Amino acid sequence: MKNFDFHNPTKILFGKGRIADLNDHVPADAKVLIIYGGGSAERTGVLTQVRTALADRTLVEFGGIEPNPRYATTLNAVKAIADNDITFLLAVGGGSVIDATKFIAMAALYAGDPWEILTAGSTKVTQAMPFGTVLTLPATGSEMNNGGVITNPEKVAKLPFRSPHCYPIFSVLDPELTYTLPARQIANGAVDAFVHIVEQYLTYPSGAHVQDGFAESLLRTIIELGPKALETPEDYDIRASLMLTATLALNGLIGAGVPQDWASHMIGHEITALNDTDHARTLAVILPSLLNDQRGHKHEKLLQYARNVWGINEGSDAVRIDAAIDATRAFFEQLGIKTHLSDYDIATPEIELIVSALEEHGMTALGEHKDITPTDVRRILEASL
């Protein structure tokens with residue numbers, strides 16, 4: 001196991017009716033900018049609950065954060081902060097809204113061009129506005145980590161950021177808020193969380209028995225409960241377990257002291273930047289092909305994954321690895337998510353655009369060994385057609 005530092009300052013307020021507790025966690029004298037996405041936050045009554053809980057605060061609302069949050073939209077929010085003397089941000093939504101809020105929190109106090117946060121490294125960030133979150137879509141884990149992703153369609157770029165200044169102060173996790181989510185979003189969330197875990201787990205053995213066991217338990221939970229969440233959308237216990245799993249998948253704990261991959265994410269980001277395909281669906285396309293392509297490097301962990309996650313114990317090493325990768329793809333398909341590029345109108349010409357974009361963004365040495373080159377990416381994408 002590698003040396004590591006682990007610190008996560010986010011307070012989790014988990015359970016039914018916890019929006020009411022916002023009153024105890026937002027400063028009494030705060031001028032709050034409520035940041036949200038589309039009309040669902042209003043239709044489902046979530047915004048009404050937030051307004052009621054914060055009735056004694058000065059509230060300003062900023063809606064319209066996109067599913068892949070746009071850089072230009074975040075700058076409009078930064079202007080709203082300056083125009084209204086905002087002192088506290090509250091994200092109400094899923095990972096995209098929370099990612100956008102993190103970037104807005106940094107950009108509002110950044111002295112230079114905010115685009116530098118994404119291109120020159122968020123290590124240049126020295127401060128951010130305080131913010132909390134009300135999670136409505138369990139998927140990305142953004143509610144309990146310090147990273148995010150912002151899209152700039154004009155530059156055909158979807159770029160990640162990370163900063164120690166971007167942990168939420170608190171996050172409200174009420175499983176009942178997920179009851180009205182469309183099946184597509186529940187399926188996307190399950191796949192997103194699943195691949196987050198795999199990126200930190202399915203690399204090579206590092207003697208991290210605790211992290212491996214935790215990761216395997218989370219993966220088995222998603223495999224068992226993902227389909228059930230689609231069948232019984234108002235089963236509180238199922239939704240509670242999935243919500244907690246998605247948060248634990250990327251709060252830093254299972255990734256502490258272990259090698260990590262993230263190649264599937266970096267490739268997937270470029271697909272989303274190209275044609276706005278849902279993030280989780282890009283991961284469902286890339287991961288099976290990447291695992292097969294990198295089976296030599298990942299040999300031991302793939303066998304462990306086959307045994308401990310899928311219960312595959314019979315056959316040669318190659319047979320068991322094949323079966324584990326096939327089971328992964330079948331699980332994504334079971335959730336209603338297609339797993340080939342052709343399902344998303346991407347053919348051979350688009351592959352070159354994706355590879356070129358990775359090169360332009362400096363993503364030329366991916367994976368846990370930093371040895372997945374543009375040539376390898378092209379081969380993985382061709383196998384994904």
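Since we're looking at a predicted model, the values are computed, not measured.
The backbone N or O of A347 sits less than 3.5 Å from a side-chain atom of E350, completing a donor-acceptor pair. The backbone N or O of H279 sits less than 3.5 Å from a side-chain atom of T282, completing a donor-acceptor pair. The backbone N or O of Y204 sits nowhere less than 3.5 Å from a side-chain atom of E368 that would complete a donor-acceptor pair. The backbone N or O of K338 lies less than 3.5 Å from a partner atom in the side chain of Y344, making a donor-acceptor pair. In this structure, the side chain of K298 engages the main chain of L202 through a donor-acceptor pair within 3.5 Å. Here the side chain of E176 pairs no donor or acceptor atom with the backbone of G17 at under 3.5 angstrom. Counting only distance, with no hydrogens or angles, the side chain of D293 and the backbone of S289 share no donor-acceptor pair below 3.5 Å. When atom types are taken as modelled, the side chain of S171 and the backbone of E143 share a donor-acceptor pair closer than 3.5 angstrom. Judged by distance alone, the side chain of D99 and the main-chain N or O of V149 form a donor-acceptor pair under 3.5 Å. Checking side-chain atoms of Q200 against main-chain N and O of G252 turns up no donor-acceptor pair under 3.5 Å.
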Would L33 and N84 satisfy side chain to side chain contact (heavy atoms under 4.5 Å, CB included), going step by step from the backbone distance to the final call? CA-CA 9 Å; L33 183 68; N84 294 280; 5.8 Å; no
Determine, stepwise, if the pair M129 / I86 fulfils side chain to side chain contact (heavy atoms under 4.5 Å, CB included). CA-CA 9 Å; M129 291 186 64; I86 297 298; 4.0 Å; yes
For L248 and I254: C-alpha separation, side-chain torsions, deciding distance, then whether side chain to side chain contact (heavy atoms under 4.5 Å, CB included) applies. CA-CA 8 Å; L248 295 173; I254 65 171; over 6 Å; no
Is there a side chain to side chain contact (heavy atoms under 4.5 Å, CB included) between N23 and R57 once you walk through the steps? CA-CA 9 Å; N23 186 58; R57 312 301 195 281; 2.8 Å; yes
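For D113, the CG atom counts as densely surrounded, since its 6.0 Å shell holds more than 12 non-hydrogen atoms of other residues, nucleotides or ligands.
Remark: D276 pairs with N68, R70, T272 by the side chain to side chain contact (heavy atoms under 4.5 Å, CB included) rule, at least two apart or across chains. E360 meets the salt bridge (Lys or Arg N to Asp or Glu O under 4.0 Å) test with no other residue; sequence neighbours excluded. Listed by chain and number, the residues in a side chain to side chain contact (heavy atoms under 4.5 Å, CB included) with I321 are R295, H299, L302, L303, I325 (sequence neighbours excluded). Partners of E216 according to the salt bridge (Lys or Arg N to Asp or Glu O under 4.0 Å) rule, which considers only residues two or more places apart in sequence or in another chain, do not exist here. Among residues two or more places apart in sequence or in another chain, the side chain to side chain contact (heavy atoms under 4.5 Å, CB included) test is passed with N8 by F6, T10, M144, Y167, N251. For F194, the ring pair (Phe, Tyr, Trp, His ring centres under 6.0 Å) test picks out F331, F332, with sequence neighbours left out. In this structure L353 satisfies the side chain to side chain contact (heavy atoms under 4.5 Å, CB included) test together with L274, sequence neighbours excluded. H361 pairs by the ring pair (Phe, Tyr, Trp, His ring centres under 6.0 Å) definition with nothing, not counting sequence neighbours.
Remark: I351 CD1 to S384 OG distance equals 7.5 Å, nearest 0.5 Å. For the atom pair CG (L291) and OG (S264), the distance works out to 6.5 Å, reported to the nearest 0.5 Å. Here OG1 of T74 is found 5.5 Å from CD1 of I104. Values are rounded to the nearest 0.5 Å.
Contact between P69 and A100 at its shortest, heavy atoms only, is CB-CB, 3.8 Å. Residues V191 and A284 approach most closely at CG1-CB, 4.2 Å, considering heavy atoms. Counting all heavy atoms, side chain and backbone alike, I98 lies closest to S142 at CG2-OG, 3.3 Å. In terms of heavy-atom proximity, T44 sits nearest to A41 at OG1-O, 3.6 Å. Contact record, D278 with R184: OD2-NE, 2.8 Å, taken as the closest heavy-atom pair. The minimum heavy-atom distance between A263 and L366, with the atom names listed, is CB-CB, 3.9 Å.
Looking at M1 and V210, their side chains never come closer than 4.5 Å, going by heavy atoms from C-beta outward. By the 4.5 Å heavy-atom criterion applied to side chains, T136 and V97 are not counted as neighbours. Using a 4.5 Å heavy-atom threshold, the side chains of H340 and R329 count as touching. I81 has its side chain out of reach of F62: every pair of non-hydrogen atoms, C-beta onward, lies at least 4.5 Å apart. P168 has its side chain out of reach of K11: every pair of non-hydrogen atoms, C-beta onward, lies at least 4.5 Å apart. Proximity of H369 to P259: side-chain heavy atoms (C-beta onward) are nowhere separated by under 4.5 Å. The closest side-chain heavy-atom distance from T178 to P138 is below 4.5 Å. Side-chain contact between R378 and E352 is present, with at least one heavy-atom pair separated by less than 4.5 Å.
Neither side chain, N313 nor R320, offers a donor N or O lying under 3.5 Å from an acceptor on the other. Between the side chains of E199 and H265, at least one donor N or O sits under 3.5 Å from an acceptor N or O. N145 and R162 are not linked by any side-chain donor-acceptor pair at a separation below 3.5 angstrom, with hydrogens and angles left out of the test.
Connection of M363 to W262 is not established within any shared hydrophobic cluster, with ILVMFWY side chains joined at heavy-atom distances below 4.5 Å, either directly or through further cluster members. Both I271 and L287 are part of a single hydrophobic cluster, where members link through side-chain heavy atoms under 4.5 Å apart. In the hydrophobic clustering of this structure, Y305 does not group with V258; members are Ile, Leu, Val, Met, Phe, Trp, Tyr whose side-chain heavy atoms approach within less than 4.5 Å, directly or through other members. Following chains of ILVMFWY side-chain contacts shorter than 4.5 Å, one cannot reach V309 starting from L250, and the two form parts of different hydrophobic clusters. Hydrophobic clustering of Ile, Leu, Val, Met, Phe, Trp and Tyr side chains at less than 4.5 Å, counting indirect connections, keeps I267 apart from V156.
Because its NZ or CZ atom is both nearer than 6.0 Å to the ring centre of Y201 and within 45° of the ring axis, K301 counts as a cation-pi partner of that residue.
Membership of the apolar cluster around V172 extends to L13, I19, L22, V26, V32, I34, Y36, V46, L47, V50, L54, L59, F88, L90, V92, V134, I169, F170, L177, as traced through chained side-chain contacts below 4.5 Å between ILVMFWY residues. Applying the under-4.5 Å side-chain rule to Ile, Leu, Val, Met, Phe, Trp and Tyr, the cluster around W115 extends to Y71, L75, F103, M106, Y110, I117, L118, V125, I150, L159, F161.
Listed by first and then second residue, the ring-ring contact (aromatic ring centres under 6.0 Å, His included) pairs that reach into residues 206-229 come to none, sequence neighbours excluded. Sequence neighbours left out, the pairs with a member in residues 22-50 that pass salt bridge (charged side-chain N to carboxylate O under 4.0 Å, His left out) are E42-R51.
D343 and R281 are not joined by a salt bridge, as no carboxylate oxygen comes within less than 4.0 angstrom of a charged side-chain nitrogen. A salt bridge links K228 with E224: the closest approach of a Lys/Arg side-chain nitrogen to an acidic carboxylate oxygen falls below 4.0 angstrom. Classification of D376 and R379 as a salt-bridged pair holds, one side-chain N sitting under 4.0 Å from a carboxylate O.
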